[in-house]
Amino acid sequence: MRYNHKTVEEKWQKIWEEKGVFHASNDSEKEKFYALIEFPYPSGQGLHVGHPRPYTALDTVARKRRLQGYNVLYPIGWDAFGLPTENYAIKNHIHPEIVTKQNISRFKKQIQSLGISFDWSREISTTDPEYYKWTQWIFLQLFKKGLAYKKEMNVNWCTSCKCVLANEEVVNGVCERCGSEVIHKVKSQWMLKITAYADRLINDLDLVDYPPRVKAQQKNWIGRSTGAEVDFKATTGDTLTVYTTRCDTLFGATYMVISPEHPLIEKWADKLKNIDEIRAYQLEASKKSDFERTEIAKDKTGIRLDGVEAINPVNDKIIPIFVSDYVLVSYGTGAIMAVPAHDTRDWEFAKKFNLPIIEVVKGGEDVQAEAFTDCDTGVLVNSGFIDGLSVDDAKKKMISWLEENKIGRAKVNYKLRDWVFSRQRYWGEPIPIVHCEKCGFVPIDESELPLKLPMVDSYEPTDTGESPLAKMTDWINTTCPCCGGKAVRETDTMPQWAGSSWYFLRYMDPHNSDALASKEALEYWSPVDWYNGGMEHTTLHLLYSRFWHKFLFDLGVVPTPEPYAKRTSHGMILGENGEKMSKSRGNVVNPDEIVSEYGADTMRLYEMFIGDFEKAAPWSPSSIRGCRKFVERFWNLQTILTDGDNIRPELEASFHKTIKKVGEDIENIKFNTAIAALMSLINDITSFGSISKQELRIFSILLNPFAPHVTEEIWEVCGLGDGIVAEQSWPEYDESKCVDKTIEIAVQVNGRIKTKLNVDAEAGQDEVLALAKADENVKKAIDGMNIIKEIYVKGRIVNIVVKS
RNA sequence: GCGGGCGUGGUGGAAUUGGCAGACACGCAAGAUUUAGGUUCUUGUGCCAAUGGUGUGCAGGUUCAAGUCCUGUCGCCCGCACCA
C-alpha cells in the first residue's frame with residue numbers, strides 16, 4: 001500500500017490551522033509550558049536543513065507535552081534587522097523592508113510545510129514598528145538609569161569605502177568589499193553597561209538549568225578575576241597604574257608594558273626621544289585586531305620608551321617601560337607590570353629584548369629556561385617581607401601592604417566589556433535620543449514611540465562614517481524635548497542583538513499596545529521553561545538577553561530574575577563532506593526537496609534520527625530512505641490490524657519499555673534513541689505477525705510527536721477514535737511490566753568472556769557464581785588454578801579472578 | 001593565543017555513566033518473491049593468519065574490569081565582542 005505523503009500532510013496541516021489547535025491560551029486552568037527556539041534571521045538564501053533540527057526537536061517536546069495535558073506556548077517570529085539584508089538592498093537598490101518581507105514569506109512557507117506546531121497567531125518581527133517601539137522603550141529605560149552612555153571606541157574603518165565595517169567584513173585586514181586597507185578609528189558610540197550586571201550574570205547561573213559547558217563558557221566570557229591595582233611612579237612623576245592578578249610577584253617585576261593606545265604616551269610625547277618610532281608602532285597596531293595582537297605564537301613586538309622610566313614601588317628599582325600591542329587598552333588599566341619569571345608572555349618578551357628574569361616564586365625548574373606559572377605549589381623568594389609565604393598568603397599580605405601605603409588596592413576585574421550598542425547603519429532600530437547643544441543627550445518622550453525609521457533614497461553609509469540617516473535633514477532636525485530649542489536626532493541605529501534580547505516576552509502578549517506585554521501574561525508565562533539554541537549564541541545573545549531581563553526585573557517589569565529556566569543546545573547539521581554548510585562551499589541542502597520527495601514526517605524523523613541532538617552531524621541523503629521506509633512500515637501496520645482492544649501479553653513488556661523509553665528520551669533530548677526504540681518495537685510487532693487496535697493506538701501516539709501527519713491519518717483510516725491531537729493523551733507505563741524475569745549474564749575469567757548464562761533476575765550472588773562455575777568453559781579455565789576473587793555485579797556480569 | 005567541546009565498523013551513530021563494544025539505521029553480500037524496479041521479505045556483515053586473537057585518534061597509567069577515570073600527545077569543530 002503506497003503512502004501518499006503529499007495529500008495527507010496538506011490535509012492535516014489545513015485541519016490544524018483551521019481549528020487553531022496550536023494556539024496557546026493566556027487564560028487556562030492547565031499547567032503552562034513555554035518552549036522556545038531561537039527565532040531565525042530570514043536570510044535571502046531561504047531555509048537550509050540546519051534550521052529544522054531545533055524546530056523539530058522542540059516541536060516533539062511541545063507535542064508530547066500537549067498530549068500530557070499542558071497548555072503549551074510554542075511561538076516563532078523573525079529576527080529581521082541585519083547586515084546581509086542591508087547589503088543586499090544596497091547592491092540591488094531594493095528597500096530592505098521589501099527584501100525582508102519577501103524573505104519572511106519564503107521562510108514561513110518552508111517552515112509551515114514541516115508541520116511544526118508553532119502558534120502562528122503570535123508571529124512577530126523585530127522590524128515591525130509595533131515591536132521595536134518596545135525595544136526603543138527598553139533603551140530609554142536603560143538611558144534613564146544611567147546604563148546607556150557615550151564613549152569613544154575603536155571601530156574598523158575602510159579607508160576606501162569611508163565607512164565603519166563589522167569585524168566580519170574585515171578579511172585578513174582588508175575590506176571584504178573593496179580590498180582596501182582597514183584601520184582602527186576612534187568614534188563616539190552608545191554603550192550599555194552590562195558590566196554592572198557581571199556578578200549577577202555569574203551568580204544567577206545557579207538558578208538555572210543550563211548544560212555545564214554553557215555555564216562554563218558564560219563564566220569564562222565574563223572572566224571575573226580578583227587581583228590588585230598597583231600604582232607605579234614614572235620618572236616624570238606621573239602615576240602609572242597596572243592591574244595584576246599576581247601582586248605576590250611584584251618583586252620580580254623587571255619592566256612595564258603599556259598598550260599603544262595608552263594616554264600617557266601623548267602626555268610624554270615631548271620627553272620621548274624616539275616618539276616618531278612609537279607613533280609608527282601605534283599606527284601598525286591600529287591595523288591589527290585584538291585577536292591578532294594577543295596571539296602567542298607570533299613574535300612579540302614592542303618599543304622601549306626612550307626618556308621615561310618607571311620605579312618599582314616595593315624596591316625603588318628603576319625599570320624600563322615598553323609599548324607593545326600584546327597589552328590591550330580595553331582590559332584592566334591598559335598597562336601591566338611584567339614578571340618574566342612567572343608569566344609566559346612576559347617571559348617571551350623578556351627573552352627577545354634581553355631583559356632580566358628574576359625568580360620570586362620557587363618550585364619550578366630554571367626560570368631562565370621557562371616561566372614558572374603554577375600558583376599552588378610555589379614559595380616566595382627574593383621578595384623581602386613576603387619571603388617564605390605561599391602564593392595565596394603572599395597576595396593577601398601584599399594587598400594589605402599596598403593599601404596601608406596607599407600605592408595599591410584590591411580590585412575585581414572582568415574580561416567582559418560594556419556592550420557597543422551603536423551601528424552606523426540604516427537597517428536597525430533608531431536610537432530614540434536627541435542631541436541638544438544646551439541640554440546634551442535627551443531621551444525623546446515615550447509617547448513619541450515608536451520612532452520610525454524614515455524612508456531614505458540610499459542606504460549607503462555616508463563618507464563621514466555616519467549612518468545613512470544623517471543625510472535626512474528633515475528627519476534629524478527636531479526640537480529638544482527638554483528646552484524646546486533646536487536639536488538633532490541620533491542617527492546611529494541599534495545592533496541586531498537589541499530586538500532578540502527580549503522577544504520571548506513579546507510572544508506572551510504579542511498584540512499589546514500599552515506595554516511590552518501585560519502583567520498578567522508575564523506572570524502566567526514567565527519564565528521560558530525550555531529554550532533551545534546553538535552553542536554559537538552562548539556568549540553573546542544569551543548573555544545580552546539575560547542582562548536585559550535582569551534590568552527589566554529590577555524595574556519591576558518582569559516577575560523573574562532569569563528569563564530561561566532551562567537551556568539546551570543543538571549541534572550543527574554539516575554538509576555531506578563533513579564541513580559547515582555554506583553557500584561558498586556549495587554544500588547547502590534545501591529542505592524543500594526532501595519534503596517534496598519523502599514528506600515532512602520523513603524529513604522530521606531523519607533530522608531527529610541523524611545522531612545525538614547535541615552534536616554536529618553530517619547530512620547523509622541515503623539514510624533518509626531508511627526513515628521513509630519506517631514511515632511506510634508504520635503505515636502498513638493497518639494490513640495486519642486485528643480487533644483486540646488491549647495489549648497482548650506477548651508484547652506487553654516491549655510496549656511498556658518503549659513507552660517509558662520514548663517519554664524519557666524526548667525529555668532528555670535523546671531523540672535518536674527514542675526513534676530507534678520505536679523501530680525496534682515495530683520489528684517486534686511485525687515478526688509477531690499482527691497488531692491489535694489498542695497496540696496501534698499506543699504506537700501511533702508515541703510516534704505522533706515525531707511524525708504527526710501519518711499517525712493522525714492512520715488513526716482516522718483505522719477508526720481508532722477521535723484524533724490524536726484533538727482528544728488523545730500520552731500513554732502511561734507500568735514499571736513492574738518493564739523488567740525482564742530472566743536476564744543474561746556474561747561470565748568472565750580474568751576479564752575474558754567464557755560463557756553467558758540465563759539466570760533469574762532476582763538470583764543472589766552465591767547462586768549465580770555456582771551456576772557459572774558449573775559451566776564447562778568456565779571449568780576448563782579455572783581448573784587447577786587458585787581463585788583469588790569472585791565478583792558478581794547484579795544483573796550485569798560475573799568475573800572470576802584466578803592465578804596459577 | 002584564550003575559552004568551550006569532540007574523536008567508536010565501509011557510513012550515521014548506540015553503550016543502563018566503570019560491567020558482554022557496535023543497539024537502531026545506512027551501505028554491502030547472498031537468497032526468496034515480483035511485473036519494470038532505486039519494491040518487499042529472509043539471512044549474513046568490526047578486523048585478522050579465525051575452536052583463537054584483536055579492536056573505541058595515539059602513548060602511558062589506575063582497576064578484577066576502561067570507549068567511559070587519570071597523565072601526556074595528535075587531529076578536528078564552535079566562540080572570541082559590529083555575522084546571526
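Labels below follow one simple rule: chain letters A, B, ... track the order of the sequence lines, proteins then strands, and each chain is numbered from 1. Worth knowing before you read on, the calculation uses all heavy atoms, side chains too, and leaves out hydrogens, waters and symmetry mates.
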> Among residues 672-682 of chain A, which residues get a heavy atom nearer than 4.0 Å to RNA chain B?
Replying inline: Asn672(A), Thr673(A), Ala676(A), Met679(A), Ser680(A)
Taking distance alone, no hydrogens or angles, what donor-acceptor pairs closer than 3.5 Å link side-chain atoms of residues 786-803 of chain A to residues at least two apart or in another chain?
{"residue": "Glu790(A)", "atom": "OE2", "partner": "Lys773(A)", "partner atom": "NZ", "Å": "2.5"}
{"residue": "Tyr792(A)", "atom": "OH", "partner": "Gly795(A)", "partner atom": "N", "Å": "3.2"}
{"residue": "Asn799(A)", "atom": "OD1", "partner": "Gly751(A)", "partner atom": "N", "Å": "3.1"}

Sequence neighbours excluded, which residues qualify as side chain to side chain donor-acceptor pair (under 3.5 Å) partners of [X]?
X	value
Glu169(A)	Arg425(A)
Thr56(A)	none
Ser620(A)	Ser623(A)
Gln217(A)	none

> Does Asp343(A) have any side chain to side chain contact (heavy atoms under 4.5 Å, CB included) partners at least two apart in sequence or in another chain, and if so, which?
Replying inline: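 For Asp343(A) the side chain to side chain contact (heavy atoms under 4.5 Å, CB included) partners, ignoring immediate neighbours, are Arg345(A), Asp346(A).
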> Given rC26(B), is OP1 or OP2 found less than 4.0 Å from the side-chain N or O atoms of Lys629(A)?
Replying inline: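 Yes.
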> Within the pair Arg423(A) and rC82(B), is there a side-chain N or O less than 4.0 Å away from OP1 or OP2?
Replying inline: yes
>> What stems show up for RNA chain B when you take Watson-Crick pairs (N1-N3 plus N6-O4 or O6-N4) and G-U wobbles (N1-O2, O6-N3), both under 3.5 Å, and require three or more consecutive pairs?
In response: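 When the pairs of RNA chain B are grouped into runs of at least three, the stems are B:1-7 with B:74-80, B:10-12 with B:24-26, B:27-32 with B:40-45, B:46-48 with B:52-54, B:57-61 with B:69-73.
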> Which residues pass the ring-ring contact (aromatic ring centres under 6.0 Å, His included) test with Phe421(A), sequence neighbours left out?
Replying inline: Phe139(A), Trp419(A)
> Which pairs, with at least one residue in residues 533-547 of chain A and sequence neighbours excluded, count as a side-chain hydrogen bond (donor to acceptor under 3.5 Å, both in side chains)?
Replying inline: Glu38(A)-His537(A), Gln218(A)-Arg546(A), Tyr531(A)-His541(A), Ser545(A)-Tyr564(A), Arg546(A)-Glu562(A)
If you look only at distance, which donor and acceptor atoms sit under 3.5 Å apart when one is on a side chain in residues 667-674 of chain A and the other is two or more places apart or in another chain?
{"residue": "Glu667(A)", "atom": "OE1", "partner": "Arg65(A)", "partner atom": "NH2", "Å": "2.9"}
{"residue": "Glu667(A)", "atom": "OE2", "partner": "Lys64(A)", "partner atom": "NZ", "Å": "2.7"}
{"residue": "Glu667(A)", "atom": "OE2", "partner": "Arg65(A)", "partner atom": "NE", "Å": "3.0"}
{"residue": "Asn668(A)", "atom": "ND2", "partner": "Glu664(A)", "partner atom": "O", "Å": "3.1"}
{"residue": "Thr673(A)", "atom": "OG1", "partner": "Asp665(A)", "partner atom": "OD2", "Å": "2.9"}
{"residue": "Thr673(A)", "atom": "OG1", "partner": "Lys670(A)", "partner atom": "O", "Å": "3.1"}

I'd like a list of close polar pairs between nucleotides 16-18 of chain B and the protein, N/O only, cut-off under 3.5 Å.
{"residue": "rU16(B)", "atom": "O2", "partner": "Arg796(A)", "partner atom": "NH1", "Å": "3.2"}
{"residue": "rU16(B)", "atom": "O2", "partner": "Arg796(A)", "partner atom": "NH2", "Å": "3.2"}
{"residue": "rU16(B)", "atom": "N3", "partner": "Arg796(A)", "partner atom": "NH1", "Å": "3.2"}

